[in-house]
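These notes concern the structure reproduced below.
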Amino acid sequence: LVSLGITGVHDPGINRDVIALYQQKISQGSFPLRVYAMADGMNETTDWLCESGPLSDPSGRLFMRSVKLYADGALGSRGAALLQDYSDEPGNRGLMFISQQELASALQKVFSCGLQTGVHAIGDAANRQVLDAYERALSEFPDNPGRHRVEHAQILDPDDIPRFAEMDIIAAMQPIHATSDMYWADERLGEARLAGAYAWKSLLEKGAVLAFGSDFPVEAVNPMLGIYAAVTRQDLKGWPEGGWQAQERLSRTEAIRAFTLDAAYAGFMEQSVGSLETGKQADFIVLESDILQIPADEIPEIQVIQTWVDGERVYSRERAQ
């Protein structure tokens, strides 16, 4: 991770055993990045987090104050829950993993504990279910610190796009999903539903916060691939010309902010990391070239020269094996 310029990750859906492993590595001095962890569903890890409160390791390398839930499946397997049938499989609208009542009950518990939720939702039906549930829970628990998230938010009904900003719901998205899925997404969705597919620019223009990641190990780890996908909406061969659904492309500054400062905001960490400012932790990287100036098709090949965390150099290409 640090060799690719990653100083911190959000780790959605882990248990106390993994937390213990991370803390062991921290105590051994062999944990060279920050992790914002999320408990895996409604189980004993979430119970423990509710009872003990948010975890903030004294090292500053490990935080946990969030719970990961699942609303539906994936688009590729036709498991994403859609409002209308799959265009390439009439009669199939995907899989909803949790009922409205179960989701409401889960949010009530998490919100009452003062924690954040991140709900996996890919299809437009799942995203609407999650947004509806958030709307009810937010009114019921006005003192909850907020910053609740939809993980992926891939296919949205255009009517639901403004609701993210209206409720301060973070769209935790992965740009590389668009360029992985673009070859067949229109077959699954049909042309009409593409208007709300991987709609980064539309969400941003409505005032939503975008928190970008890669979804590794499902996708490649390298964040440069995500930045390239966000600004071009093309594959590594430059297809399609002009970009797929090009109206949703982002500027380089917008894409980088979503991978840095706004990702930090999604983890309640924007006061300490996410930008180079006086008083913040010295987490930064050195690149071999200026990512804001080079041709876009060169972004995937940018090499990381150094990675620094807490003012300590944790990676140098010269010393890499």
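When the options V67, D143, N144 are evaluated for a side chain to side chain contact (heavy atoms under 4.5 Å, CB included) with F111, the one that passes is N144.
By the rule that hydrophobic residues join a cluster once side-chain heavy atoms approach within less than 4.5 Å of another member, V2 and V273 end up as members of separate clusters. One hydrophobic cluster, built from ILVMFWY side chains closer than 4.5 Å, holds both L194 and Y198. Under a hydrophobic clustering in which Ile, Leu, Val, Met, Phe, Trp and Tyr are joined whenever their side-chain heavy atoms come within less than 4.5 Å, directly or via other members, I14 and F31 fall into the same cluster.
Of the possible polar contacts, one joining the R188 side chain to the G76 backbone as a donor-acceptor pair under 3.5 Å is found. Between the D215 side chain and the Q174 main chain, no donor and acceptor come within less than 3.5 Å of each other. Under a 3.5 Å cut-off, the side chain of E248 and the backbone N or O of K201 do form a donor-acceptor pair. R249 places no side-chain N or O within donor-acceptor distance of the main-chain N or O of T232, the cut-off being under 3.5 Å. D124 places no side-chain N or O within donor-acceptor distance of the main-chain N or O of N127, the cut-off being under 3.5 Å.
Salt-bridge formation is not detected for the pair K68/D11: no Lys NZ or Arg NE/NH1/NH2 atom is positioned less than 4.0 Å from an Asp or Glu carboxylate oxygen. A salt bridge between R34 and D57 is absent, with no side-chain N of the basic residue lying under 4.0 Å from a carboxylate O of the acidic one.
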Inset, instruction - Under the side chain to side chain contact (heavy atoms under 4.5 Å, CB included) rule, what do M173 and L203 come out as? Steps first, then yes or no, please. - result: CA-CA 11 Å; M173 304 177 77; L203 283 161; 3.6 Å; yes
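Annotation: side chain to side chain contact (heavy atoms under 4.5 Å, CB included) contacts of P295 (sequence neighbours excluded): D297, E298.
Of the N and O atoms on the side chains of Q247 and Q245, at least one donor lies less than 3.5 Å from an acceptor on the other residue. Side-chain atoms of Q306 and R317 include no donor-acceptor pair closer than 3.5 Å.
Atom-to-atom distance recorded for E270:CD and L261:CG is 7.0 Å, nearest 0.5 angstrom.
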